[in-house]
Chemist: 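Provided herewith is a single structure, encoded as structure tokens, for subsequent inquiry.
From a predicted model like this one, the values you see are computed outputs, not experimental measurements. Keep in mind that the numbers below use all heavy atoms, side chains included, and drop hydrogens, waters and symmetry copies.
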Amino acid sequence: MKPIIPMEPVASDTIPQEPGWIAQVKWDGVRILTYYDGKHVQLFNRKGNERTHHYPELADIETYCRADSVILDGEVIALGSDGKPSFHEVMRRDGIRRMQNVPRMQQTVPVTYMIFDCLYLNGEWINQRSLQDRLKLLSETIEPNSHVQVVSSHDNGSALFEVIRQHGMEGIVMKRLDAPYLIGAKKAVWLKIKHYRDVIAAIGGFTLNGGVVNAVLLGLYDEQGRFWYIGHAGTGKLSRQEWRELTDRLMPAVIREKPFVNRPDRHHGVFWVTPTLTAKIKYAEWTEGRSLRQPSIQAIVDVPPHTCRLDREMMR
């Protein structure tokens, strides 16, 4: 089965109140689609990169799926020490480069597959059927276990968002029950309403403390390909070992001239680098000066720097 480009929600500041919508938790994890042709199972992320061997507990599809063939869409999550989904933790699994480390990481970072849609079932594409129909088929097809759950749906989006806010989680997704699954599309029949904001940004510089990176300078590209400084981050989820590993990866990329078209507010003692690494950044809001307020690093991610774009949606 050839990987498809998954459907994406549109950012929104309002929660629909009219009938015909459901609300689901927006899980802070890694988007994973599972493909099963009756013989072989393959897992791919939203970019089409294979993740089958990263998550062997999910590749054993017969332990949780009754279908003869299927394509499932969902989010792989891992819990942090506070019991809430942690993007940093799940990236420890998704970022594994040496597959011999997978068995150990299965014990260290257990994951759960939160399935929210089904596109293909028993030899038939069902993506053009309504979400209501697909969810019914999904509930009849999946047998939840310790590593696999079906995402629950709620009628009251405002009430769910308030629960999410109280627990400090990412947000919710509102979906129209009569809507099909639009492959490769981003339509307003799915709306994401975030409690906190995040952006994936490229690293264009760093500072050191004791020979180890202690802060990174972040940037986004505009439509003309210019690289704009948007702030610096030295706090977040990275462990000391991860800061040391980041140092080893950034040092070979040091250049003489700053890569940003604008002048960073932090520029003394900065080592400039060619933007090759990207990070998921949590922040409070955008300032009037087009920079991030209270940015913190959630994880280093495998995203091409040139796709980190400065657009209106990122400023929501």
Side-chain angles (χ1 to χ4, degrees), residues 8 10-13 28 46-47 86-88 91 95 170-171 186 192 194-316:
E8 298 283 357
V10 173
S12 175
D13 294 322
D28 194 10
R46 60 158 50 89
K47 298 291 185 181
S86 168
F87 187 76
H88 174 259
M91 285 306 296
E170 184 178 10
K186 194 172 188 178
K192 60 181 177 182
K194 290 191 174 185
H195 167 234
Y196 69 73
R197 305 171 183 184
D198 58 58
V199 64
I200 295 179
I203 297 173
F206 63 88
T207 56
L208 295 174
N209 181 17
V212 177
V213 172
N214 68 337
V216 293
L217 282 72
L218 305 162
L220 296 173
Y221 290 92
D222 64 15
E223 294 180 354
Q224 288 74 45
R226 296 175 297 182
F227 190 52
W228 291 86
Y229 171 76
I230 60 167
H232 64 274
T235 61
K237 299 287 188 178
L238 299 190
S239 66
R240 290 183 180 180
Q241 178 60 32
E242 287 169 323
W243 280 111
R244 286 192 288 267
E245 292 172 356
L246 180 59
T247 305
D248 292 339
R249 297 178 69 181
L250 285 175
M251 289 302 290
V254 170
I255 55 179
R256 294 187 62 180
E257 301 294 329
K258 67 178 174 66
F260 305 104
V261 296
N262 54 335
R263 183 178 179 178
D265 54 3
R266 169 178 285 198
H267 54 273
H268 294 297
V270 169
F271 293 84
W272 309 114
V273 295
T274 301
T276 58
L277 297 181
T278 54
K280 183 175 180 179
I281 307 297
K282 180 179 175 180
Y283 64 97
E285 63 182 357
W286 285 88
T287 68
E288 292 184 1
R290 198 159 64 174
S291 63
L292 303 179
R293 186 170 73 84
Q294 298 177 359
S296 65
I297 303 174
Q298 302 304 294
I300 304 301
V301 296
D302 184 19
V303 173
H306 69 273
T307 64
C308 300
R309 304 298 295 272
L310 186 66
D311 59 30
R312 290 181 181 177
E313 182 173 317
M314 287 181 177
M315 294 189 184
R316 286 183 177 273

Chemist: Check the pair His232 / Val270 against side-chain contact (heavy atoms from CB on, under 4.5 Å), numbers first and verdict last.
Modeler: CA-CA 11 Å; His232 64 274; Val270 169; over 6 Å; no

Chemist: Hey, is the main chain of Ala202 close enough, under 3.5 Å, to the side chain of Thr278 for a donor-acceptor pair?
Modeler: no

Chemist: Could you tabulate the donor-acceptor pairs under 3.5 Å formed by side-chain atoms of residues 204-218, not counting sequence neighbours?
Modeler:
| from | atom 1 | to | atom 2 | distance (Å) |
| --- | --- | --- | --- | --- |
| Thr207 | OG1 | Asn214 | OD1 | 2.7 |

Chemist: Looking at CD1 of Ile200 and NZ of Lys280, how far apart are the two atoms once the value is rounded to the nearest 0.5 Å?
Modeler: 7.0 Å

Chemist: Tell me, please, which residues at least two apart from Gln294 pass side-chain contact (heavy atoms from CB on, under 4.5 Å).
Modeler: Ala284

Chemist: How many angstroms lie between atom CD of Glu242 and atom CD1 of Ile297, to the nearest 0.5 angstrom?
Modeler: 10.0 Å

Chemist: Show which side-chain atoms of residues 250-264 pair as donor or acceptor with protein atoms under 3.5 Å away, not counting sequence neighbours.
Modeler:
| from | atom 1 | to | atom 2 | distance (Å) |
| --- | --- | --- | --- | --- |
| Lys258 | NZ | Phe260 | O | 2.9 |
| Asn262 | OD1 | Tyr229 | N | 2.8 |
| Asn262 | ND2 | Tyr229 | O | 3.3 |
| Arg263 | NH2 | His267 | NE2 | 2.6 |

Chemist: Set out, in order, the CA-CA distance, both residues' side-chain angles and the distance that settles side-chain contact (heavy atoms from CB on, under 4.5 Å) for Arg290 and Leu310, then state yes or no.
Modeler: CA-CA 10 Å; Arg290 198 159 64 174; Leu310 186 66; 3.5 Å; yes

Chemist: For Asp222, look at atom CG and say whether over 12 heavy atoms of other residues, nucleotides or ligands are found less than 6.0 Å away.
Modeler: yes

Chemist: Quick check: closest heavy atoms across Ala299 and Leu238, and the distance to 0.1 Å?
Modeler: CA-CD2, 4.3 Å

Chemist: Can you tell whether the side chains of Glu8 and Arg46 come within less than 4.0 Å, N to carboxylate O?
Modeler: yes

Chemist: How many angstroms lie between atom OG of Ser291 and atom CD1 of Ile230, to the nearest 0.5 angstrom?
Modeler: 8.5 Å

Chemist: Any chance CD of Glu223 has more than 12 other-residue heavy atoms, nucleotides or ligands included, within less than 6.0 Å?
Modeler: no

Chemist: Check the pair Trp243, Glu245 against side-chain contact (heavy atoms from CB on, under 4.5 Å), reporting the backbone distance first and the verdict last.
Modeler: CA-CA 5 Å; Trp243 280 111; Glu245 292 172 356; over 6 Å; no

Chemist: Before accepting this row, confirm whether a basic side-chain N of the pair Lys282/Asp28 lies closer than 4.0 Å to the acidic partner's carboxylate O.
Modeler: no

Chemist: Given the rule in the side-chain contact (heavy atoms from CB on, under 4.5 Å) test, do Leu292 and Ile281 qualify, once you have shown the distances and angles that lead to the verdict?
Modeler: CA-CA 9 Å; Leu292 303 179; Ile281 307 297; 4.0 Å; yes

Chemist: State whether the number of non-hydrogen atoms from other residues, nucleotides or ligands found under 6.0 Å of Lys237 atom NZ is greater than 12.
Modeler: no

